[in-house]
J.: 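I'd like to ask some things about the structure below.
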Amino acid sequence: MTYLNFIPNTRRYWASFQKSSGLSRMDVLAVPQKREEGWYLSLMAPNTKGPKFAWLDPSRLYCNSQALTDCVQDLLKPFKNETIDLVAGIDAMGFILGSAVAISLGKGFLAIRKAGHLCVQTLTQDYSDYSGRDKLMEVRVDVLKPGLRVLIVDQWIETGGTMKAAIKLVESQGATVVGIAAVAIENSEGGKWLKENYKYSHCISNKLQSQIDSQYLESFKNFSS
């Protein structure tokens, strides 16, 4: 992810969330009586550690079981009529969301890993992520095969470089990418390309997309400094 240059270096303390959600610093695990579409997105926390880190932390919403459940169900709506044989998740945070999606579907889960972590024969693919650094990812070669229909999941799609590399790894072994899913897909050049060329799902409404693209959420105002 790219970074906000105005994030303070001082420690932030949790305050309260939007009044409509009924959540506060002390009840992050609570579920609001009225769950509006995308309600769980207000659980995502802003960066408090500076420019070496991503501009927000989506994983906070995973701590709330209902939030995680609703997030997964929202991601799966566009694929309800699709045949999915396997879910693949991208290292590392895509493992969490991807596993939850796989369990919800009753399907297996394939880890697409950063290179050097698998102790079996692998296929590798180079890529550049949101930080601009050149990296390498890998996947085992004894699972994917022609005819297998795969849904690829990551936590967040910014430049699209990581997801494109994962797609190449899946397709190079003859498997079919049914689609891609993430909490959010930014309208970067790469993000737009993915949306134009693959079926996709994310949890961001049209109203919220501009905030995602500007990399600042209005809900951050509910986190006191």
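For clarity, every value in this text was computed on a predicted model and none was experimentally measured.
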J.: Output the distance between atom CG (Leu43) and atom SG (Cys63), rounded to the nearest 0.5 Å.
T.: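 Spacing of CG (Leu43) from SG (Cys63) equals 8.5 Å.
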J.: I'd like to check Gln209 versus Lys207 (side-chain heavy atoms, cut-off strictly below 4.5 Å). Are they in contact?
T.: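 A side-chain contact is absent here, since even the closest heavy-atom pair is not under 4.5 Å.
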J.: Please list, chain by chain and in numerical order, all residues satisfying side-chain hydrogen bond (donor to acceptor under 3.5 Å, both in side chains) with Asn81, sequence neighbours excluded.
T.: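 Result, side-chain hydrogen bond (donor to acceptor under 3.5 Å, both in side chains) vs Asn81: none returned.
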J.: Would you kindly say whether Gln215 and Glu186 are connected by a side-chain donor-acceptor distance under 3.5 Å?
T.: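 A donor-acceptor contact under 3.5 Å links the two side chains.
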J.: With a 4.5 Å limit on heavy-atom distance, are the side chains of Met137 and Tyr127 in contact?
T.: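 Counting from C-beta outward, Met137 and Tyr127 do come under 4.5 Å.
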J.: Quick one: does Leu217's side chain get under 4.5 Å of Trp55's, heavy atoms only?
T.: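 With C-beta onward as the side chain, the pair touches.
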J.: Linking I/L/V/M/F/W/Y whenever their side-chain heavy atoms sit closer than 4.5 Å, directly or via other members, would Leu76 and Met163 fall into one cluster?
T.: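 Leu76 does not cluster with Met163.
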J.: Could you give me the CA-CA distance, side-chain angles and deciding distance for Lys192 and Glu189, then say whether salt bridge (charged side-chain N to carboxylate O under 4.0 Å, His left out) is met?
T.: CA-CA 5 Å; Lys192 290 179 180 178; Glu189 181 179 351; over 6 Å; no
J.: Distance check, rounded to the nearest 0.5 Å: Met44 atom CE versus Asp57 atom CG?
T.: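 Met44 CE to Asp57 CG: 9.5 Å, rounded to 0.5 Å.
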J.: Residues two or more places apart in sequence or in another chain: which of them pass side-chain hydrogen bond (donor to acceptor under 3.5 Å, both in side chains) with Ser188?
T.: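 Listed in chain order: nothing, the list is empty.
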J.: Taking distance alone, no hydrogens or angles, what donor-acceptor pairs closer than 3.5 Å link side-chain atoms of residues 169-185 to residues at least two apart or in another chain?
T.:
| residue | atom | partner | partner atom | Å |
| --- | --- | --- | --- | --- |
| Glu171 | OE1 | Tyr198 | OH | 3.3 |
| Glu171 | OE2 | Tyr198 | OH | 2.8 |
| Ser172 | OG | Lys168 | O | 3.0 |
| Ser172 | OG | Leu169 | O | 3.0 |

J.: Taking Ile167 as the starting point, is it possible to reach Leu151 by hopping between hydrophobic residues whose side chains are less than 4.5 Å apart?
T.: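 Result: no, two separate clusters.
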J.: With a 4.5 Å limit on heavy-atom distance, are the side chains of Arg140 and Gln121 in contact?
T.: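 No. Closest side-chain heavy atoms not under 4.5 Å.
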J.: Which distance, rounded to the nearest 0.5 Å, do you find between the NE2 of His202 and the CG of Leu194?
T.: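 If I round to the nearest 0.5 Å, the distance is 12.0 Å.
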J.: Do any N or O atoms from the side chain of Gln125 and from the backbone of Leu136 form a donor-acceptor pair under 3.5 angstrom?
T.: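 Flag not set: sc Gln125 to bb Leu136 has no pair under 3.5 Å.
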J.: Show which side-chain atoms of residues 93-120 pair as donor or acceptor with protein atoms under 3.5 Å away, not counting sequence neighbours.
T.:
| residue | atom | partner | partner atom | Å |
| --- | --- | --- | --- | --- |
| Ser99 | OG | Phe95 | O | 2.7 |
| Ser104 | OG | Gln73 | NE2 | 3.0 |

J.: Taking only residues two or more places apart in sequence or in another chain, which ones pass salt bridge (Lys or Arg N to Asp or Glu O under 4.0 Å) with Lys195?
T.: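 Partners of Lys195 under the salt bridge (Lys or Arg N to Asp or Glu O under 4.0 Å) test: none.
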J.: Is there a donor-acceptor pair closer than 3.5 Å between any side-chain N or O of Ser201 and the backbone N or O of Leu75?
T.: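 Side chain of Ser201 to backbone of Leu75: a pair is present.
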J.: Side-chain contact test, heavy atoms from C-beta onward, threshold under 4.5 Å: evaluate it for Tyr200 versus Ile157 and give yes or no.
T.: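 SC-SC contact between Tyr200 and Ile157 ruled out.
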J.: Assess the residue pair Val150 and Ile84 against the criterion (side chain to side chain contact (heavy atoms under 4.5 Å, CB included)); give the C-alpha distance rounded to whole Å, side-chain angles, the decisive distance to 0.1 Å, and a yes or no.
T.: CA-CA 6 Å; Val150 182; Ile84 298 173; over 6 Å; no
J.: Minimum heavy-atom separation for Ala67 to Tyr40, with atom names?
T.: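 Smallest heavy-atom distance, with atoms named: CB-CB, 3.5 Å.
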J.: Please list, chain by chain and in numerical order, all residues satisfying side-chain contact (heavy atoms from CB on, under 4.5 Å) with Ser128, sequence neighbours excluded.
T.: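 Partners of Ser128 by the side-chain contact (heavy atoms from CB on, under 4.5 Å) criterion, ordered by chain and then number, come out as Asp134.
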J.: According to ring-ring contact (aromatic ring centres under 6.0 Å, His included), who are the partners of Phe79, at least two apart in sequence or on a separate chain?
T.: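 None.
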J.: Can you pull the salt bridge (charged side-chain N to carboxylate O under 4.0 Å, His left out) pairs that have at least one residue in residues 61-83, sequence neighbours excluded?
T.: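 Matches after skipping sequence neighbours: Arg35-Asp70, Asp74-Lys77, Glu82-Arg149, Glu82-Lys199.
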J.: Report the distance from atom NZ of Lys52 to atom OG of Ser131, rounding to the nearest 0.5 Å.
T.: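 OG of Ser131 is found 13.0 Å from NZ of Lys52.
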J.: Rounded to the nearest 0.5 Å, what separation is found between the CG atom of Asp154 and the CG atom of Asp91?
T.: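 Output value for this atom pair is 9.5 Å.
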J.: Quick one: list whatever passes side-chain hydrogen bond (donor to acceptor under 3.5 Å, both in side chains) with Tyr62, sequence neighbours left out.
T.: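 By the side-chain hydrogen bond (donor to acceptor under 3.5 Å, both in side chains) rule, Tyr62 matches Gln155.
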J.: Identify the two heavy atoms, one from Gln66 and one from Asn64, that lie closest to each other, and give their separation to 0.1 Å.
T.: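 The pair with the smallest heavy-atom distance is N-OD1, 3.1 Å.
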J.: Could you work out, with side-chain hydrogen bond (donor to acceptor under 3.5 Å, both in side chains) as the rule, every residue matching Asp85, not counting sequence neighbours?
T.: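 Residues passing side-chain hydrogen bond (donor to acceptor under 3.5 Å, both in side chains) with Asp85: none at all.
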J.: If you round to the nearest 0.5 Å, how far is CG of Leu61 from CH2 of Trp39?
T.: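 Here the rounded value is 8.5 Å.
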J.: Begin from the C-alpha positions of Thr48 and Phe53 and carry the test side chain to side chain contact (heavy atoms under 4.5 Å, CB included) through to its verdict.
T.: CA-CA 9 Å; Thr48 63; Phe53 297 84; over 6 Å; no
J.: Are side-chain heavy atoms of Ser205 and Leu208 found at a separation under 4.5 Å?
T.: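 Yes - at least one pair of side-chain heavy atoms lies under 4.5 Å apart.
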J.: Return the set of residues passing salt bridge (Lys or Arg N to Asp or Glu O under 4.0 Å) with Lys135 (not counting sequence neighbours), or none when no residue passes.
T.: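 Result, salt bridge (Lys or Arg N to Asp or Glu O under 4.0 Å) vs Lys135: Asp129.
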